[in-house]
Amino acid sequence: MTEESAQRKGISRRGLFGAAGAAVATGVAGYAAHSVLAGEESQAADTTGPVEFHGEHQAGIITPVQDRLHFAAFDVTTTKRAELVSLLKEWSAAAALLTAGRDIGQYGAVNGPGEAPPEDTGEAVGLPPARLTLTIGFGPSLFDKRFGLASKRPQALVDLPHFIADDLDPNRSGGDIAVQACSDDPQVAVHAIRNLARIGFGRVAVRYSQLGFGRTASTSRAQTTPRNLFGFKDGTNNLKLEDTAKLEQQLWVQPDDGPDWMVGGSYLVSRRIRMNIEIWDRTSLGEQESIIGRGKGTGAPLGKADEFDAIDFEAKNSDGDLKVAKEAHIRLAHPSFNNGAELLRRGYNFVDGSDGLGRLDAGLFFLAYQRDPRKQFIPVQNQLARSDVLNEYIVHVGSGIFACPGGVTAGSYWGEKLFA
Ligand code: HEM
């Protein structure tokens, strides 16, 4: 079937939006076409529409945080550089289609020959693009001898040090490549990772993956602040997409930082943080608030009335105690006690069933983007690991660090400059 006849057959999984459809056609050999279903276009409001895949920066970093996550870390199983490059090309073409809400492949989910497995697994047929973003990052292990990339490893892509009380599971840590899929529809995010894993069969294998729900941060002032599983507003003092000057200082790799292939990119640190919620739930409200340093209801810094009021770290109660305790989480993590370092946090809650001892296997899948982890995540986490009272209720059980290159332009592919 030609692309044209495929288009005539209208084999799309869902209604589509002209601009995004046109944008993804570049560089894609064959793809399932789409039809605009009556009435659907008008419903393409914020949470259903597409997010442009191509651009100066990768989508999924400052994109207003979607509600759901499927994060996957892959080990590269091929030892051939050419096979890795062709995989990245195929993945980029598929990612452009997936994020636009299209089936992947020439025939999509249901219009291929009956004798062959369908090109697209099909569970997203009928679903909108749901603001799917796919963001790629390369882990330190990709820069070993296998693919001739050792000299291209950025200095900022350090191996994370051991932090006090880390209890990392190697099977939930590391990875040569990470793909972060975020969407407002869980099935759309899962469909995307599943299809990328399927395309990668024989070249990459999933090392671990993590589902997340209920974003635990906002990355835009237009979003309300959500709550984490401790019941606190999370993401109040986060870097936001509106802070454009700060994003250049704190988030995006600049030309002087090097290497060239990372300019416009960012470094991602992922941490699977188990939360002992049964213990937390037996802790008094006053204690919970003093551990975080904010009111549980309002999200305001202790001693203040509104969520976005500035924190007064000097203010004292009538008995002379600091209102925001010396070891409160927001004090230890604040830029004024970390040489000005900030992070763009966009983590997710997770509950992966229970642990066999009657406790929920629950926590925060912490995701933070930054310009240089040596100056940002590492010193902040060192300080938290040393002194944060929150440590009585949490344990870091998984960890990853990834170099996420700048954005993909139409006709290029994820990591093209790295392999140039
Ligand atoms: C399960 C673990 C964690 C929980 C429950 C948690 C919770 C919170 C809460 C409720 C806030 C206040 C609201 C806000 O401004 O966003 C906050 C702020 C913050 N957290 Fe965490 N957090 C956790 C782990 C971490 C980690 C691992 C880091 C970094 C290494 C971190 C860095 C920050 C930063 C930078 C702020 C903003 C501080 C400010 O400037 O006021 N958090 N966190």
**Q** Rounded to the nearest 0.5 Å, how far apart are OG1 of Thr121 and CD of Glu123?
**A** 3.5 Å
**Q** Salt bridge check, Asp167 against Arg274: does any charged N sit closer than 4.0 Å to a carboxylate O?
**A** no
**Q** How about Tyr107 and Pro113: do any of their side-chain heavy atoms sit closer than 4.5 Å?
**A** yes
**Q** Just by distance, do the side chain of Asn338 and the backbone of Leu332 share a donor-acceptor pair under 3.5 Å?
**A** yes
**Q** Minimum heavy-atom separation for Asp166 to Arg271, with atom names?
**A** OD1-NH2, 2.8 Å
**Q** Give the ring-plane orientation class for Phe230 versus Tyr393, where under 30° counts as parallel, over 60° as perpendicular and anything between as tilted.
**A** perpendicular
**Q** So, taking the atom named CZ in Arg194 and the one named CD1 in Ile199, what distance separates them when rounded to the nearest 0.5 Å?
**A** 12.5 Å
**Q** Is the distance from the ring center of Phe213 to that of Phe350 below 6.0 Å?
**A** no
**Q** Identify whether the distance between the nearest side-chain nitrogen and carboxylate oxygen of Arg294 and Glu289 falls below 4.0 Å.
**A** no
**Q** Glu52 and Ala59: which non-hydrogen atoms are nearest, and at how many Å?
**A** O-CB, 3.7 Å
**Q** The test is salt bridge (Lys or Arg N to Asp or Glu O under 4.0 Å); show your working for Lys417 and Asp260 and say whether it passes.
**A** CA-CA 8 Å; Lys417 289 187 186 147; Asp260 283 355; over 6 Å; no
**Q** I need the minimum non-hydrogen distance between His70 and Val190, along with the two atoms involved.
**A** ND1-CA, 3.4 Å
**Q** Taking it one step at a time, do Trp414 and Phe138 satisfy ring pair (Phe, Tyr, Trp, His ring centres under 6.0 Å)?
**A** CA-CA 10 Å; Trp414 269 333; Phe138 303 119; 8.6 Å; no
**Q** Yes or no on side-chain contact (heavy atoms from CB on, under 4.5 Å) for Asp257 and Met262, after CA distance, side-chain angles and deciding distance?
**A** CA-CA 9 Å; Asp257 300 339; Met262 270 302 289; over 6 Å; no
**Q** Sub-3.5 Å donor-acceptor pair from the side chain of Gln376 to the main-chain atoms of Gln250, do we have one?
**A** yes
**Q** Would Arg207 and Asp176 satisfy salt bridge (Lys or Arg N to Asp or Glu O under 4.0 Å), going step by step from the backbone distance to the final call?
**A** CA-CA 9 Å; Arg207 181 177 172 85; Asp176 292 332; over 6 Å; no
**Q** Using the side-chain contact (heavy atoms from CB on, under 4.5 Å) rule, take Ile273 and Val395 through it: C-alpha gap first, then chi angles, then the decisive distance, then the call.
**A** CA-CA 6 Å; Ile273 307 177; Val395 52; over 6 Å; no
**Q** Under 3.5 Å, is there a donor on one side chain and an acceptor on the other for Asp372 and Gln155?
**A** no
**Q** If you look at every heavy atom in Ser399 and Leu168, which pair is closest and at what distance?
**A** CB-CD1, 3.7 Å
**Q** Using side-chain contact (heavy atoms from CB on, under 4.5 Å), reason through Leu418 and Leu149 one step at a time and then give a plain yes or no.
**A** CA-CA 8 Å; Leu418 170 61; Leu149 295 174; 4.0 Å; yes
**Q** Check for a donor-acceptor pair, side chain of Asn391 on one end and backbone N or O of Leu384 on the other, with a separation under 3.5 Å.
**A** yes
**Q** Ignoring hydrogens and angles, tell me if any N or O in the side chain of Arg272 forms a donor-acceptor pair with the backbone of Arg172 under 3.5 Å.
**A** no
**Q** Give me the atom names and distance for the closest heavy-atom approach of Lys152 to Phe143.
**A** O-CE2, 3.9 Å
**Q** Specify the closest pair of heavy atoms between Glu83 and Thr78, including all atoms of both residues, with the distance to one decimal.
**A** OE1-OG1, 2.8 Å
**Q** Rounded to the nearest 0.5 Å, what separates atom CG in Leu241 from atom CG in Leu247?
**A** 7.5 Å
**Q** Any Lys/Arg nitrogen of Arg198 or Glu119 sitting under 4.0 Å from an Asp/Glu carboxylate oxygen of the other?
**A** no
**Q** Under 4.5 Å between any side-chain heavy atoms of Pro50 and Leu132, yes or no?
**A** no
**Q** Under the side chain to side chain contact (heavy atoms under 4.5 Å, CB included) rule, collect the residues that match up with Ala222, sequence neighbours excluded.
**A** Ser220
**Q** What is the distance from atom OH of Tyr369 to atom CZ of Phe377, rounded to the nearest 0.5 Å?
**A** 14.0 Å
**Q** So, do Arg346 and Gln66 sit near enough that their side-chain heavy atoms are less than 4.5 Å apart?
**A** yes
**Q** Does the side chain of Phe402 reach to within under 4.5 Å of the side chain of Leu157, using non-hydrogen atoms?
**A** no
**Q** For the CG atom on Asn317, are there more than 12 heavy atoms of other groups (residues, nucleotides or ligands in this structure) within a distance under 6.0 Å?
**A** yes
**Q** Measure the CG-OG distance between Leu196 and Ser92 for me, rounded to the nearest 0.5 Å.
**A** 9.5 Å
**Q** Is there a side-chain contact between Phe366 and Tyr348 in this structure, where contact means two heavy atoms from C-beta onward sitting under 4.5 Å apart?
**A** no
**Q** Salt-bridged, Glu248 to Arg371, with N to O below 4.0 Å?
**A** no
**Q** Of Asp234, Val269, Thr216, which is the lone residue that meets side chain to side chain contact (heavy atoms under 4.5 Å, CB included) with Arg345?
**A** Asp234
**Q** Go through Phe337 and Phe313 one step at a time and tell me if the ring pair (Phe, Tyr, Trp, His ring centres under 6.0 Å) criterion holds.
**A** CA-CA 10 Å; Phe337 300 100; Phe313 288 113; 5.0 Å; yes
**Q** I'd like to know if the side chain of Arg331 reaches the main chain of Ala325, judged simply by a donor and an acceptor atom lying under 3.5 Å from each other, with no hydrogens or angles considered.
**A** yes
**Q** Donor-acceptor pair, distance only, cut-off 3.5 Å: does the side chain of Thr99 make one with the backbone of Ala96?
**A** yes
**Q** Applying side-chain contact (heavy atoms from CB on, under 4.5 Å) to Phe365 and Ser270, what does each step give before you reach the verdict?
**A** CA-CA 7 Å; Phe365 196 70; Ser270 61; 4.1 Å; yes
**Q** Is there a donor-acceptor contact under 3.5 Å from the side chain of Thr225 to the main chain of Gly235?
**A** no
**Q** Taking C-beta and beyond as the side chain, do Ile193 and Val179 meet within less than 4.5 Å on heavy atoms?
**A** yes
**Q** Indicate whether any N or O donor in one side chain lies under 3.5 Å from an N or O acceptor in the other, for Glu307 and Thr236.
**A** yes
**Q** Mark yes or no for whether Asp103, through its side chain, and Ala109, through its backbone, hold a donor-acceptor pair below 3.5 Å.
**A** yes
**Q** Does the Arg131 side chain pair with the main chain of Pro64, one donor and one acceptor, at a distance under 3.5 Å?
**A** yes
**Q** Enter the distance from Tyr267:OH to Gln370:CD here, rounded to the nearest 0.5 Å.
**A** 10.0 Å
**Q** Are the side chains of Asp184 and Thr48 in contact, using a 4.5 Å heavy-atom criterion?
**A** no
**Q** Between the side chain of Gln223 and the main-chain N/O of Thr219, is any donor-acceptor distance below 3.5 Å?
**A** yes
**Q** Quick one: are Asp159 and Ile401 in side-chain contact, heavy atoms under 4.5 Å?
**A** no
